[in-house]
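Note sheet for the following structure.
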Amino acid sequence: MSGIVMPCITDHLVLRTIDGATDLLIEELRAMASIHSIRQASVDTVECTIDGPLDELAACGLYSTLALRDLDQSLRSGALSNLPHPVRFRVGTADPTQRREMINATEQRFGWLNRPANWDVNLVPSAAGWIAEFGPLSWTRRFGRSERLPWSTNLIVAEVLVRLAKIRPGQHVVDPFCGTGTILQAVRRQHPTTRLLGLDHDPQALQIAANNALSTATNNTRTITDDDALSTAANNTLTIAGGDAHTIADGDALRIAGGNALGIAGGSALGIAGDDAHTIAGGDARRITAGDALSIAAGDALRIAGGDAHTIAGGDALRIAANNALRIASGDALAGGELSLVRGAADALPLASGSVNRVVANLPFGKQVGSHRANRTLYPAALAEIDRILTADGRAVLLTEDKRLLHSAIERQRALKVVRQRVLRYNGATPTAYVLSRTRLARTTTAR
């Protein structure tokens, strides 16, 4: 949390979530020893008091912002008392007159500094008056900033879907419409030992998903030692050998092991200094031993000849040329805690029958992505594949706004049934999350 140490505090909190997730948030708050007096203030707001450490609350992914109702109390014994002074703030209102008045009043009363681009407190109007959003507990400061596309899954929605899936440790979890990997990252946060596979037909989205996966692993950077030599062979394969191999193979496979993901530490290891790109031609091999620090500095590229450029750029980004799919062969095993990204289609999943415990996906709504006409073919085909790969006690959680079409496809398919559904409302969208399990007959047939 921006390097701020949080001791035990007493404060009144306002947590913002989405309509349809408040009950889940309240359930998790009730399990926290330091949280009391919990109540739902609106369809997307929960209020509570805290008397203790913030650790458990900071780890909860079901709220986007945390605000403070009583600034004076918070400055005495709450979250604001732990901020460096003078506090940096901004005023979040579109009304310029109202904003200027609030800036002047805050500067005069508290002596704070108006810093709209670098703030720790965001003052926003609410139905009950002004409240102070606490920057160190905003979503991006708790979990990191991710690259996204306009149609990427809402962050809170992804957290809801994962909870509905009821994932258990070590299970195989697949997202056949993974896009930029928002759902996959939510699974990794809650269930780090799961074996994850994300598929998508869009190479740009997969590249972003790879970037996001690597950026979350910067605290788990793998060290290259004598026993973990980096070598490139004539087949244009980049491998870190040893316990957990990370391979960009001839088929352009990207494998990221959970907890041991290939990370680029800021200012350390993996660097080819200078402005020169390092190119390895076919037939040439370079082995780096413990005495060699291999680093790729900002602006430098590691290129493997033969038309496939794999670039690790500044800012811990893994870039893969647009035409190079992230693929694994259908026979590749999913090892514990591993995340694999594959360019593929949801109607032809590269997985063995009965091999997956959970499927969690945000289906194309037919608005920003795809079309209703395309969904008429896609939904039944995807459901058939989900039925094929799920174990006898498997579960699928599917989000869509094309609700009638999904219901119709489920009814015709008959192997899966809706056991629960939850409507979510955010940013003008009202999709429904459908929880599917096998029908009794289908469960018996699969178990055989």
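Since we're looking at a predicted model, the values are computed, not measured.
Within the 3.5 Å criterion, the main-chain N or O of R425 finds no donor-acceptor partner in the side chain of D19. Looking at S34, its side chain does come within 3.5 Å of a backbone N or O of P53 through a donor-acceptor pair. Side-chain atoms of N122 do not come within 3.5 Å of backbone N or O of F89 as any donor-acceptor pair. With S74 contributing its side chain and L71 its backbone, the two residues share no donor-acceptor pair below 3.5 Å. In terms of modelled atom types and a separation under 3.5 Å, the side chain of D175 and the main chain of L184 share no donor-acceptor contact. Y63 contributes a side-chain N or O that, together with a main-chain N or O of L57, makes up a donor-acceptor pair within less than 3.5 Å. A donor-acceptor pair is defined here as one N or O able to donate and one able to accept, closer than 3.5 Å; no such pair exists between the side chain of T65 and the backbone of E133. Side chain of Q40 to main chain of D23: no donor-acceptor pair is present (N/O by atom type, distance under 3.5 Å, no hydrogens or angles). Although no hydrogens or angles enter the test, the distance criterion places no donor-acceptor pair under 3.5 Å between the side chain of D11 and the main chain of L13. Formation of a donor-acceptor pair under 3.5 Å by the Q413 side chain with backbone atoms of L416 is found in this model.
Using modelled atom types, one finds no donor on one side chain facing an acceptor on the other under 3.5 Å when comparing S152 with T182. Judged by distance alone, the side chains of N211 and E147 do bring a donor and an acceptor atom under 3.5 Å apart. Defined by atom type and a distance below 3.5 Å, a donor-acceptor pair is missing between the side-chain atoms of H12 and R69. There is no side-chain donor-acceptor pair under 3.5 Å between Q421 and T432. Side-chain contact check for R358 and T194: no donor-acceptor pair (N or O, by modelled atom type) lies under 3.5 Å.
Between D44 and R16 there is a salt bridge, since at least one side-chain N of the basic residue sits less than 4.0 Å from a carboxylate O of the acidic one. Between R39 and E47 a salt bridge is recorded (basic side-chain N to carboxylate O distance below 4.0 Å). No salt bridge links R115 with D120; every basic N to acidic carboxylate O contact stays at or beyond 4.0 Å. Using a 4.0 Å cut-off between charged nitrogen and carboxylate oxygen, E385 and R388 count as a salt-bridge pair.
The two residues A21 and V160 have their closest heavy-atom pair at CB-CG2, 3.7 Å. Taking all atoms of both residues into account, the shortest heavy-atom contact from H407 to V418 is CE1-CG2, 4.5 Å. Taking every heavy atom of both residues into account, H36 and D51 meet most closely at CD2-CB, 4.2 Å. Nearest heavy atoms, T153 versus A158: CG2-N, 4.0 Å. Considering all non-hydrogen atoms of both residues, W119 and G135 come closest at CZ3-CA, 3.6 Å. Listed here is the closest heavy atom pair of T391 and S355: CG2-C, 4.4 Å.
Looking only at side-chain heavy atoms (C-beta outward), L206 and C178 come within less than 4.5 Å of each other. A 4.5 Å side-chain heavy-atom check between H172 and I167 finds every atom pair outside the cut-off. Put simply, the side chain of R163 does not reach to within 4.5 Å of the side chain of L161, judged on heavy atoms. The closest side-chain heavy-atom distance from T22 to V43 is not below 4.5 Å. With contacts defined as side-chain heavy-atom distances shorter than 4.5 Å, the pair S64/T17 does not qualify. When side chains are defined from C-beta on, L196 does not count as touching V174, because their heavy atoms never get closer than 4.5 Å. For the pair L436/V397, no side-chain contact is recorded, criterion being any heavy-atom separation below 4.5 Å from C-beta on. For the pair V173 and N357, the minimum side-chain heavy-atom distance is 4.5 Å or more.
Summarising the geometry, atom CE belonging to M102 is positioned 10.5 Å from atom OG1 belonging to T93; distances are rounded to the nearest 0.5 Å. Rounded to the nearest 0.5 Å, atoms CG (L68) and CZ (F134) are 7.0 Å apart. Separating the NZ atom in K403 from the OG atom in S408 is a distance of 16.0 Å, to the nearest 0.5 Å. Expressed to the nearest 0.5 Å, how far CG of L149 lies from CG of D202 amounts to 7.0 Å. Atom CG of L15 and atom CD1 of I26 lie 10.0 Å apart (nearest 0.5 Å). Note that CZ of R30 and CG of L25 are 10.5 Å apart. Values are rounded to the nearest 0.5 Å.
Atom CD of E27 sits in a sparse spot, with 12 or fewer heavy atoms from other residues, nucleotides or ligands closer than 6.0 Å.
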How far apart are the C-alpha atoms of V14 and L66, what are their side-chain angles, what is the distance that settles it, and do they pass the side chain to side chain contact (heavy atoms under 4.5 Å, CB included) test? CA-CA 6 Å; V14 182; L66 177 151; over 6 Å; no

Kindly determine whether L383 and L406 satisfy side chain to side chain contact (heavy atoms under 4.5 Å, CB included), including the steps that lead there. CA-CA 9 Å; L383 282 172; L406 182 61; 4.1 Å; yes

Test side chain to side chain contact (heavy atoms under 4.5 Å, CB included) on L363 and D402 and set out the steps. CA-CA 9 Å; L363 304 180; D402 210 340; over 6 Å; no

Evaluate the side chain to side chain contact (heavy atoms under 4.5 Å, CB included) criterion for residues R438 and L390: first the C-alpha distance (whole Å), next the side-chain angles of each, then the deciding distance (0.1 Å), finally the verdict. CA-CA 9 Å; R438 293 195 175 282; L390 277 180; 3.5 Å; yes

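Results of the side chain to side chain contact (heavy atoms under 4.5 Å, CB included) test with L29 over I35, I50, L62 single out I35 as the only residue that passes.
Checked against a 6.0 Å centroid threshold, the rings of F177 and H201 do not count as neighbours.
Taking the centre and axis of the six-membered ring of W130, the NZ or CZ atom of R99 falls outside the cone set by 45° and 6.0 Å.
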